[in-house]
Amino acid sequence: MLVGLHTRIEPLRLSIFLAMGLLGACGDSGGNTAASDTQTSTGTTQQTGTDGTGTPTSTGDTTTGPTTGMTGTSATGTDTTTSPPTSTSTTTTGETTAVSATTGDTDTGNTSTAETSTTTTTTGDTDTDGPDPECTQLMQGFTDPPVPSGWVKCGDKLPHRVEAEVCLVPAPPSNCQLGDPQQPCQTNDDCTEFPFGSCQQFNVGFVGCGCNYGCETDADCEPGNVCRCGGDILGPVTRCVPATCTDDSDCGDQLCQFSQSQGYDCGPEVVNGACTTPEDLCDTDPPCFDTPCAFSMDTNKWECSLVACGRPFMVDEHAVTAPPAARDDWRTLAAVREAPEAVRAALAAHWTQIALAEHASVASFARHILQLLAVGAPPEFVLDTQRALADEIEHARLCFALASDYGGSGVGPGPLAQAHEPGASDLESVVAAVIREACVGETLSALEAREAAERAEDPGLRRVLAQIADDEQRHAELGWRFVRWARQQLSADARARTDAAFTAAVADAAVAARHMAQEPGTPELRAHGVVDAPLRAAVWLRGLEGLVQPAATALRAAA
């Protein structure tokens, strides 16, 4: 189960791209685009950008304009904009099909425009007291003659799925025009990891190409996902999207509605489908300004979305921590309010686990300093890693203080028996470790800490978690900076192996997130800064898709 997030990821994304020096040539500093280049085993989907001309530049759908409604990019490169009180729909072949809002009957007519036709209907406001808005069938992209996608859009409301249709173009033609052999793909023939692969161009601070993997029917998607055909409004590529309903027939007298906002900073929890409810707070994006209207698993209604800490100490490919011990010298002062008795034991156990992970991070950074010296790294990496080590000591003390306060007695770390383990020493092995532990692990930890801080109701706890989140963000940036520097020292073959390390680390995290999403949650603890398993799954999926994969693609193209 996915849950809605309170944290937006673009501040961390932009800071990482800036730290790697990959935003200087981008006119919008990457602030309006993102992309991912592979499909993970979670069934989540790729994101997108446009190049400023309306041409699709990535592997997914397009982002929204914050105050003017939805702006999408069609398969023909024509923008489609919806803003109240009018709605605009564009098809790729010049045929528009009107659908009755009450009967579902269709009326098909050809327009005189050769490539694209636009139907504009004045709908008034979006409340239900006015006349029913005119509805339009959304057609599949790259088909001639037009073929229904199964989705219908009524006025400026979000699209809903009337029935499942076979997507006739699961893999659209490649639009990669870079001719760069260093890109992950050049043509669709390069995208063979999964069925229906296509090579699509994207923009994440610079232009690159990556693989998108589509679908023909819902059966091609993992459980809990449906196959969303590419087309105007729906997006330039076909892909699997999360949904708790298949079509309108699953929703009684309501609709199986789908978020229209896709692309930049839209993880799977806001590119979703779910039944509408009488309690919904939105049915279109514009009232939400800079956040999409999406279905919240927390509140079970459509509303405007708001959208383990530290670097692990790895020994033989396993994260290790010290055992807990009864002691008071590893705690600092942390002024937080008293928690209800019913949750104190659970909070004590949670913060003990987090504190031990932070304590192990001290060993991880201490070892990394020696690794940096062994591979001849510049002095700024050594200095920044030493500062990160000091941060982790303070994080551990803060978390041990929380665990002690909630538990009613002092707790700290026992001996970390594996602290003497040297770890990797050659540059390629060090890079592979940093990719897994920092570029993936610590980046996700930074997002987790930020999410925990956003949810914490106690001001003192919120300050503690915000401090940890700020530090973890800098640590993640340090990891990405080091990997970019190190890749410049490696041979082409070694760089290719680091690409494989990224792919493996992302895939492992995606599998872990999928399992966490199925675990029982403890939503009653989230207000106390606890990121439980389902919430962590949502953070990881969003971070992998919207941040880690675009940044990894940026590194590959920049090397």
Side-chain angles (χ1 to χ4, degrees), residues 48 54-56 59-62 70-82 87-121 133-155 157-175 188 195-200 212-221 226-241 246-249 256 258 260 262 273:
T48 189
T55 302
T59 62
D61 293 350
T62 55
M70 288 303 306
T71 301
T73 306
S74 73
T76 61
T78 303
D79 288 344
T80 60
T81 304
T82 303
S87 69
T88 305
S89 65
T90 310
T91 69
T92 60
T93 61
E95 184 172 49
T96 303
T97 305
V99 183
S100 167
T102 55
T103 67
D105 294 336
T106 63
D107 179 21
T108 304
N110 291 316
T111 69
S112 58
T113 304
E115 293 294 332
T116 304
S117 67
T118 303
T119 298
T120 303
T121 305
E134 182 176 343
C135 299
T136 302
Q137 279 193 359
L138 301 181
M139 313 304 282
Q140 297 186 30
F142 300 98
T143 58
D144 188 13
V147 176
S149 66
W151 270 266
V152 166
K153 183 172 174 63
C154 299
K157 298 181 185 297
L158 299 178
H160 62 98
R161 200 187 201 199
V162 177
E163 59 181 344
E165 299 281 359
V166 174
C167 296
L168 300 186
V169 187
S174 172
N175 67 354
N188 287 5
F196 312 123
S198 65
C199 184
Q200 300 293 316
N212 177 79
Y213 295 95
C215 51
E216 285 183 323
T217 69
D218 293 350
D220 297 322
C221 303
V226 302
C227 183
R228 180 167 172 160
C229 302
D232 294 316
I233 304 299
L234 299 173
V237 294
T238 297
R239 60 184 190 163
C240 296
V241 296
T246 301
D247 55 42
D248 290 346
S249 65
C256 183
F258 281 75
Q260 183 172 308
Q262 300 163 60

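Fair warning: this is a prediction, and the values are worked out from it, not measured in the lab. Scope of the values below: all heavy atoms of this structure, side chains included, with no hydrogens, waters or symmetry mates.
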Look up atom [atom1] in [X] and atom [atom2] in [Y], then write down how far apart they are to the nearest 0.5 Å.
{"X": "N188", "Y": "S174", "atom1": "CG", "atom2": "OG", "answer": "5.5 Å"}
{"X": "C229", "Y": "R239", "atom1": "SG", "atom2": "CZ", "answer": "12.5 Å"}
{"X": "Q137", "Y": "K153", "atom1": "CD", "atom2": "NZ", "answer": "15.0 Å"}
{"X": "L168", "Y": "T238", "atom1": "CG", "atom2": "OG1", "answer": "9.0 Å"}

Would you indicate whether the side-chain heavy atoms of [Y] and [X] approach each other to under 4.5 Å?
{"X": "E165", "Y": "V147", "answer": "no"}
{"X": "P172", "Y": "Q200", "answer": "yes"}
{"X": "T143", "Y": "V169", "answer": "yes"}

What heavy-atom pair brings [X] and [Y] nearest, and what distance separates the two atoms?
{"X": "L158", "Y": "F258", "result": "CB-O, 3.4 Å"}
{"X": "P236", "Y": "F142", "result": "O-CE1, 3.8 Å"}
{"X": "I233", "Y": "P159", "result": "CG2-CG, 4.5 Å"}
{"X": "Q140", "Y": "P148", "result": "NE2-O, 3.1 Å"}
{"X": "F196", "Y": "P170", "result": "CD2-CG, 3.5 Å"}
{"X": "W151", "Y": "R228", "result": "CH2-CA, 3.5 Å"}

Problem set entry | disulfide bond (SG atoms under 2.5 Å apart) evaluation trace for C135 with C154 | CA-CA 4 Å; C135 299; C154 299; 2.0 Å; yes
Seminar exercise, completed: Contacts of D220 meeting salt bridge (charged side-chain N to carboxylate O under 4.0 Å, His left out) (sequence neighbours excluded), chain-then-number -> none
Exercise. Of all residues at least two apart in sequence or in a different chain, which pass the side chain to side chain donor-acceptor pair (under 3.5 Å) check with S249?
Worked result: D247
Seminar exercise, completed: Taken in chain and number order and not counting sequence neighbours, the residues that satisfy side-chain contact (heavy atoms from CB on, under 4.5 Å) with T246 are R161, D218, D250
For this session: Dump the intermediate steps for disulfide bond (SG atoms under 2.5 Å apart) on C227 and C215, then the final yes or no.
Result: CA-CA 6 Å; C227 183; C215 51; 2.1 Å; yes
